[in-house]
Q: 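This structure is in structure tokens; I'll ask about it shortly.
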Amino acid sequence: PNSQVGLTINGGSLTFSGNSTVSFVSPVTAQTFNINDGTVNIVNSNANTFAGSSVNLANADSLFVFGQPASVSATCDATFNGSGGIIQNGPGLINLAGANSGLGSPTLVNGGTFQAGSPTAAGSAGVIIKQGATFDVNGFSLGVPVTVGGAGVGNQGALVSSSSGTGGASTGGITMTTNLSVGGMNSWNFDPVQNKSLFVISGSLIASATNNTGGTNEFNFTKVGPNEVQYNFSSVDPFLANVDVQAGMLYLENSGGLG
């Protein structure tokens, strides 16, 4: 296509697979994807270039799905908006770098790593991370609610910040679906000016769920990785089970308690 042409999908699906590459590069920039009751599947083996294109996910049946191989660590700089959804199936890593505040459905992470590349990478409705997958805030501060459980990719944490800078924050609260590991990949630095690899988590912490018999399943919170996590919840579920620090530092700051 040329710079005057976009792409509209009305039902069905469009799949990029194998050794193909999606590229919108100068002077072919700022394209518009309109997805109406359809799905775009990005499962190819290469990084793709969207060059700031706009992706309009018109309704709940409009989906943009990433499922690239584990060998792929790719960045998508498209801007997503609408009431449809983004799904990361993995096992690769996808970094969303666009301004996606207009995205109204939670981002679903079924596998692999979903990495923030902007403060609004996850949209405005939150992130849902399934067991075995990882959400990496990557040094950004995101204020959306996070629903998460498990130990993440390679048991390195399901909610992490890989940044070696100020570390980032997840401030919209956490709902645990099972035992949860939180951490980061870089060693913390206690210098109050640098605050390197400091990852702040705040809001409210829900750490239990009602089971099929009407009882309560209580979940464990585990700190993994060499970074520092600042545990700064304003309210904490009284059914939070054990808090286990296996590596790095867990720092309690204005905490709502330990359950």
Q: Under 4.5 Å between side-chain heavy atoms, counting indirect links through other Ile/Leu/Val/Met/Phe/Trp/Tyr residues: same cluster for L250 and V146 or not?
A: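 Both belong to a single hydrophobic cluster.
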Q: Would V200 and V229 satisfy side chain to side chain contact (heavy atoms under 4.5 Å, CB included), going step by step from the backbone distance to the final call?
A: CA-CA 6 Å; V200 178; V229 169; over 6 Å; no
Q: Hey, is the main chain of A58 close enough, under 3.5 Å, to the side chain of S83 for a donor-acceptor pair?
A: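 Answer holds: yes.
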Q: Does the ring centre of Y251 sit less than 6.0 Å away from the ring centre of Y231?
A: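 Between Y231 and Y251, the centre distance exceeds or equals 6.0 Å.
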Q: Tell me whether L108 is reachable from V65 by hopping between hydrophobic residues (I, L, V, M, F, W, Y) whose side-chain heavy atoms are closer than 4.5 Å.
A: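 In one cluster with V65: L108, yes.
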Q: Ignoring hydrogens and geometry, is there a side-chain-to-backbone donor-acceptor pair from K223 to G225 under 3.5 Å?
A: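 Here the side-chain-to-backbone pair exists.
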Q: Does N211 reach the main-chain N or O of T213 with its side chain, forming a donor-acceptor pair under 3.5 Å?
A: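 Yes; judged by distance alone, with no hydrogens or angles, the pair exists.
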Q: Testing the 3.5 Å rule here: is there a donor-acceptor pair between the side chains of N36 and N10?
A: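 N36 vs N10: donor-acceptor pair found between side chains.
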Q: Between T134 and V153, is there a donor-acceptor pair closer than 3.5 Å when you use the side chain of the first and the backbone of the second?
A: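 Indeed, once roles are kept as given, a pair shorter than 3.5 Å links the two residues.
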Q: Going by heavy atoms in the side chains, are I129 and T147 under 4.5 Å from each other?
A: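 No, their side chains stay 4.5 Å or more apart.
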Q: Would you say N220's side chain and N242's backbone share a donor-acceptor pair under 3.5 angstrom?
A: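 Checked: pair present.
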Q: Are L180 and V148 packed together at the side-chain level, in the sense that at least one heavy-atom pair is separated by less than 4.5 angstrom?
A: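 Yes, at least one pair of side-chain atoms sits under 4.5 Å.
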Q: Could you tell me the separation between the CD1 atom of I206 and the CD1 atom of I174, rounded to the nearest 0.5 Å?
A: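 Going from CD1 on I206 over to CD1 on I174, the span is 10.5 Å.
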Q: Are side-chain heavy atoms of Q68 and S45 found at a separation under 4.5 Å?
A: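 Contact flag for Q68/S45 side chains = no.
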Q: Which value, rounded to the nearest 0.5 Å, describes the distance between I87 atom CD1 and I94 atom CD1?
A: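 If we round to the nearest 0.5 Å, I87:CD1 and I94:CD1 are 14.0 Å apart.
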Q: Could you tell me whether the side chain of S118 and the main chain of G98 form a donor-acceptor pair under 3.5 Å?
A: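 Yes; at least one donor-acceptor contact below 3.5 Å.
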Q: Cluster question for you: counting only ILVMFWY and a side-chain heavy-atom cut-off of under 4.5 Å, with indirect links fine, are V243 and F233 together?
A: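 Hydrophobic grouping puts V243 with F233.
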Q: For the hydrophobic clusters of this structure (ILVMFWY residues joined by side-chain heavy atoms under 4.5 Å, transitively), does one cluster hold both I128 and V144?
A: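 Shared cluster, no.
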Q: Does G123 offer a backbone N or O that forms a donor-acceptor pair with the side chain of N100 under 3.5 Å?
A: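 Pair absent, no side-chain N/O of N100 close to backbone of G123.
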Q: Please find the pair of heavy atoms, one from L142 and one from A122, that lie closest to each other, and give the distance.
A: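 It is CD2-CB, 4.1 Å.
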Q: Less than 4.5 Å apart, any side-chain heavy atom of W188 and any of L198?
A: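 Of all side-chain heavy-atom pairs linking L198 with W188, none is under 4.5 Å.
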Q: Would you say the rings of F221 and F219 are close, in the sense that their centroids are separated by under 6.0 Å?
A: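 Not under 6.0 Å, so no.
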Q: Without swapping roles, check the side chain of N138 against the backbone of A116 for a donor-acceptor pair under 3.5 Å.
A: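 Checking the backbone N and O of A116 against the side chain of N138, a donor-acceptor pair under 3.5 Å is found.
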Q: Is there a side-chain contact between L63 and I35, using heavy atoms and a 4.5 Å cut-off?
A: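 The answer is no; the side chains never approach within 4.5 Å.
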Q: Please step through side chain to side chain contact (heavy atoms under 4.5 Å, CB included) for the pair L205 and L240, ending with a clear verdict.
A: CA-CA 9 Å; L205 177 65; L240 174 64; 4.2 Å; yes
Q: I'd like to know if the side chain of N59 pairs up with that of D37 as donor and acceptor (distance under 3.5 Å, no hydrogens or angles considered).
A: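 Indeed, the side chains of N59 and D37 share at least one donor-acceptor pair under 3.5 Å.
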Q: One pair to check against side chain to side chain contact (heavy atoms under 4.5 Å, CB included): V137 and F199. What are the steps and the verdict?
A: CA-CA 9 Å; V137 306; F199 178 26; 3.6 Å; yes
Q: Taking C-beta and beyond as the side chain, do L96 and F114 meet within less than 4.5 Å on heavy atoms?
A: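 Of all side-chain heavy-atom pairs linking F114 with L96, at least one is under 4.5 Å.
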Q: Between P106 and A125, what is the shortest heavy-atom contact and its length?
A: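 Result for this residue pair: N-CB, 3.6 Å.
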Q: Please report the interatomic distance CD(Q246) to OG(S181), rounded to the nearest 0.5 Å.
A: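 Taking CD in Q246 and OG in S181, the distance rounds to 6.5 Å.
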Q: Which heavy-atom pair separates G150 from A158 by the least distance, and what is that distance?
A: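 Here G150 and A158 meet closest at O-CB, 3.5 Å.
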Q: State, yes or no, whether a side-chain contact exists between T222 and N179 at a heavy-atom distance under 4.5 Å.
A: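 Not touching, per the 4.5 Å side-chain cut-off.
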Q: How far does CZ of F135 sit from OG of S170, to the nearest 0.5 angstrom?
A: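 Answer for the CZ-OG pair, F135 versus S170, is 6.0 Å.
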Q: Report yes or no: does Q230 contribute a side-chain atom to a donor-acceptor pair with the main-chain N or O of N232 at less than 3.5 Å?
A: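 Absent.
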Q: Calculate, to the nearest 0.5 Å, the distance between atoms CZ and OG belonging to F80 and S62 respectively.
A: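 So the CZ of F80 and the OG of S62 are separated by 12.5 Å.
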Q: Are V245 and V160 linked, directly or through other ILVMFWY residues, by side chains that come within less than 4.5 angstrom of each other?
A: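 No; tracing contacts between hydrophobic side chains, which count when under 4.5 Å, never links both residues.
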Q: Which heavy atom in S208 sits nearest to a heavy atom in D237, and how many Å separate them?
A: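 S208 and D237 have their closest heavy atoms at OG-OD2, 2.7 Å.
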Q: Any non-hydrogen side-chain atom of I86 less than 4.5 Å from a side-chain atom of T107?
A: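 In contact.
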Q: Run the side chain to side chain contact (heavy atoms under 4.5 Å, CB included) test on L14 and N41 for me, step by step, so that the C-alpha distance in whole Å, both residues' side-chain angles and the decisive distance to 0.1 Å come before the verdict.
A: CA-CA 6 Å; L14 174 65; N41 298 291; over 6 Å; no
Q: What heavy-atom pair brings G84 and L103 nearest, and what distance separates the two atoms?
A: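 Here G84 and L103 meet closest at O-CD1, 3.5 Å.
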Q: Could you tell me which non-hydrogen atom of Q115 sits nearest to which non-hydrogen atom of D136, and how far apart they are?
A: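 Taking every non-hydrogen atom into account, NE2-OD2, 2.9 Å.
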Q: State the CD-CG distance between Q88 and N95, to the nearest 0.5 angstrom.
A: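 Q88 CD to N95 CG: 11.0 Å, rounded to 0.5 Å.
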Q: Under the 3.5 angstrom rule, does the side chain of N186 hit a backbone N or O of S197 as a donor-acceptor pair?
A: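 No, because the side chain of N186 does not come within donor-acceptor range (under 3.5 Å) of the backbone of S197.
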Q: Parallel, tilted or perpendicular, judged at 30° and 60°: which one describes the rings of F33 and F64?
A: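 Rings of F33 and F64: perpendicular, over 60°.
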